[in-house]
Student: 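Just passing along the structure, written as structure tokens.
Every chain is numbered from 1, with letters handed out A, B, ... down the list of sequences. Please read these numbers as outputs of a predicted model, since none were measured by experiment.
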There are 2 protein chains.
Amino acid sequence: MDAAKILKKRGLRITKIRVAILETLAANLQALPYSKLQKDLSRFDRTTLYRTLLILRDKGFIHKALEEKGESYYALCSNCTSSMHNHNHVHFKCNRCSTVQCLHITNKLDLSIPKISINSIEIIAKGTCSACLLAD
Amino acid sequence: MDAAKILKKRGLRITKIRVAILETLAANLQALPYSKLQKDLSRFDRTTLYRTLLILRDKGFIHKALEEKGESYYALCSNCTSSMHNHNHVHFKCNRCSTVQCLHITNKLDLSIPKISINSIEIIAKGTCSACLLAD
DNA sequence: ACATAAATGCAACAATGTTGCATTAATAAT
DNA sequence: ATTATTAATGCAACATTGTTGCATTTATGT
Ligand SMILES: [Mn+2]
Ligand SMILES: [Mn+2]
Ligand SMILES: [Zn+2]
Ligand SMILES: [Zn+2]
């Protein structure tokens, strides 16, 4: 994963923190909680982290997989662009180890409610992850 | 809605803030953001609000309908008890006016993913509410 | 009315969100 | 390669929410 190349290709300046965030997320299979990013990237000012996460989100590089108990979990996007955001896959949180992962299962759920117009549907599954199941 | 009676029936002490929270939530069709509760109930210390929300949640009187952008939305439970919590209905957020509501549609979605064990599924729909649709 | 357990208010601190502004860094132009 | 331009960064500052300990007050059973 060449974060610099990807940034350039999509018209963003290559900066240290952008490369670092993308590489940190790419190095993990799971979505990472903000607090973990904060710790791992503490060499950068936290305001910069904050603003960079906003930009990378806006530009379709990353998305918030889950927000729970005041903790936000971030993951790389697979197919988003600045103009097209598409996160209609399932998010899973393990109740044991608190890891969060994107399950790349297309969310085909289609709700229809009288009088309201639904644009997007988010599905969050909770349970026990494979690692925790093995550790039983 | 007699909050005091309900509290007593379920073995909780009747205190001002408990009654106030339950009545505030009952007076609204929507889930209320924490900030709104905070404002409406500012006659109480915010620590007490914090702890009371925890207790009412734990005892099955209220639930967190949604947590987004650092704002938690609370709503009354319909059928929960201290020992049985059941919030498997759909939550809806209007992208225009930011209101959140519980859609009492039983969530019959049933996901099955190899190697992980799913205990609960949460569905969050976003779009435009009826009020905002009318205001077009 | 009193005893007792529970709830409250207040102080204190941590974490995260958020903005303004001066400085620095990344890229484009020369 | 140097310079100009624009964007990104770091720092200060403040707001909101979460969280705990502890002394005081309140709700309830006797
Ligand atoms: Mn995801
Ligand atoms: Mn609900
Ligand atoms: Zn796990
Ligand atoms: Zn609306």
Side-chain angles (χ1 to χ4, degrees), chain A residues 2-24 31-74 82 98 100, chain B residues 2-24 31-74 82 98 100:
Chain A
D2 188 339
K5 194 168 295 178
I6 296 174
L7 285 165
K8 177 181 274 181
K9 183 175 8 169
R10 303 198 19 205
L12 289 217
R13 290 191 176 187
I14 299 162
T15 70
K16 285 173 190 165
I17 193 171
R18 287 176 185 171
V19 170
I21 290 173
L22 294 178
E23 285 181 343
T24 302
L32 296 183
Y34 171 81
S35 59
K36 166 98 171 118
L37 288 172
Q38 167 75 53
K39 235 178 301 168
D40 287 7
L41 304 174
S42 59
R43 60 184 182 275
F44 303 101
D45 185 83
R46 73 186 190 81
T47 309
T48 305
L49 173 58
Y50 166 72
R51 281 195 269 233
T52 307
L53 289 174
L54 282 182
I55 288 175
L56 292 179
R57 263 209 306 157
D58 187 52
K59 300 301 185 185
F61 288 83
I62 66 176
H63 66 285
K64 198 180 270 198
L66 179 65
E67 190 172 343
E68 194 188 55
K69 292 174 191 160
E71 184 90 272
S72 293
Y73 292 77
Y74 293 93
S82 302
S98 297
V100 171
Chain B
D2 188 339
K5 194 169 295 179
I6 296 174
L7 286 166
K8 177 181 273 181
K9 185 177 4 173
R10 301 197 23 203
L12 289 218
R13 291 193 176 186
I14 299 163
T15 70
K16 287 174 190 162
I17 193 170
R18 287 178 187 171
V19 170
I21 290 174
L22 294 178
E23 285 180 344
T24 302
L32 296 182
Y34 172 81
S35 59
K36 165 98 170 118
L37 288 172
Q38 168 77 53
K39 237 179 298 169
D40 287 8
L41 304 174
S42 60
R43 59 186 185 273
F44 302 100
D45 186 83
R46 73 185 191 84
T47 309
T48 305
L49 174 59
Y50 166 72
R51 281 195 269 232
T52 306
L53 289 174
L54 282 183
I55 288 177
L56 292 179
R57 235 159 30 112
D58 187 51
K59 300 301 184 185
F61 288 82
I62 67 176
H63 65 285
K64 197 180 271 195
L66 180 65
E67 189 172 343
E68 194 188 55
K69 292 172 191 161
E71 184 89 271
S72 293
Y73 293 76
Y74 292 94
S82 302
S98 297
V100 171

Student: Take the protein atom CG of B:Leu32 and the nucleotide atom P of D:dT17, then report the distance between them rounded to whole Å.
Tutor: 14 Å

Student: For the side chain of B:Ile14, counting heavy atoms from C-beta on, which of C:dC10, D:dT28, C:dT8 is nearest?
Tutor: D:dT28

Student: Counting only side-chain heavy atoms from C-beta out, which of C:dC10, D:dA7, D:dT9 sits nearest to A:Arg13?
Tutor: D:dA7

Student: Check the pair B:Phe61, B:Ile6 against side-chain contact (heavy atoms from CB on, under 4.5 Å), reporting the backbone distance first and the verdict last.
Tutor: CA-CA 9 Å; B:Phe61 288 82; B:Ile6 296 174; 3.7 Å; yes

Student: With nearest nucleotide decided by heavy atoms, which residue, B:Lys16 or B:Lys69, maps closer to the 5′ end of DNA chain C?
Tutor: B:Lys16

Student: Could you state the NZ-P distance from A:Lys64 to C:dT16, rounded to the nearest angstrom?
Tutor: 12 Å

Student: Compare the minimum distances between each of C:dG9, C:dG17, D:dT9 and the side chain of A:Arg46, then state the nucleotide with the smallest one.
Tutor: C:dG17

Student: Please state how far atom CD in B:Glu67 lies from atom C1' in D:dG18, giving the value in whole angstrom units.
Tutor: 11 Å

Student: To the side chain of B:Tyr50, which of C:dT19, D:dT20, D:dG10 is closest?
Tutor: D:dT20

Student: B:Gln38 CD to D:dT17 P: how many Å, rounded?
Tutor: 6 Å

Student: Mind calculating the distance between CG (A:Leu54) and C1' (C:dT19) to the nearest angstrom?
Tutor: 12 Å

Student: Could you work out which one of D:dG18, D:dT9, C:dG9 sits closest to the side chain of A:Thr15?
Tutor: D:dT9

Student: To the nearest Å, give me how far apart OH (B:Tyr74) and P (D:dT17) are.
Tutor: 10 Å

Student: Which of the following nucleotides, D:dG10, C:dG17, C:dG9, is nearest to the side chain of A:Tyr34?
Tutor: C:dG17

Student: Nearest-nucleotide wise, let me know which of B:Gly70 and B:Leu12 is further upstream toward the 5' end of DNA chain C.
Tutor: B:Leu12

Student: For A:Phe44 and A:Ala20, which heavy atoms make the closest approach, and how far apart are they?
Tutor: CE1-CB, 4.0 Å

Student: Which nucleotide wins on minimum distance to the side chain of B:Thr47, given the candidates C:dA11, C:dA6, D:dT17?
Tutor: C:dA11

Student: The side chain of B:Thr52 lies closest to which of these nucleotides: C:dT8, D:dG10, C:dG17?
Tutor: C:dT8

Student: Out of curiosity, A:Lys36 NZ to A:Thr24 OG1, how far, rounded to the nearest 0.5 Å?
Tutor: 8.0 Å

Student: When the distance from CD1 of A:Ile21 to P of D:dA8 is rounded to whole Å, what number comes out?
Tutor: 13 Å

Student: Between B:Glu71 and A:Thr48, name the one whose nearest nucleotide on DNA chain D is closer to the 5' end.
Tutor: A:Thr48

Student: Roughly how far, to the nearest 0.5 Å, is the OG atom of A:Ser98 from the CG atom of A:Leu66?
Tutor: 10.0 Å

Student: How long is the span from the CZ atom in B:Arg43 to the CG atom in B:Leu41, to the nearest 0.5 Å?
Tutor: 5.5 Å

Student: D:dT17 C1' sits how many Å from B:Phe44 CZ, rounded?
Tutor: 19 Å

Student: Under 4.0 Å, counting only non-hydrogen atoms across every strand here, what does A:Arg51 touch: a base, just sugar-phosphate, or nothing?
Tutor: base

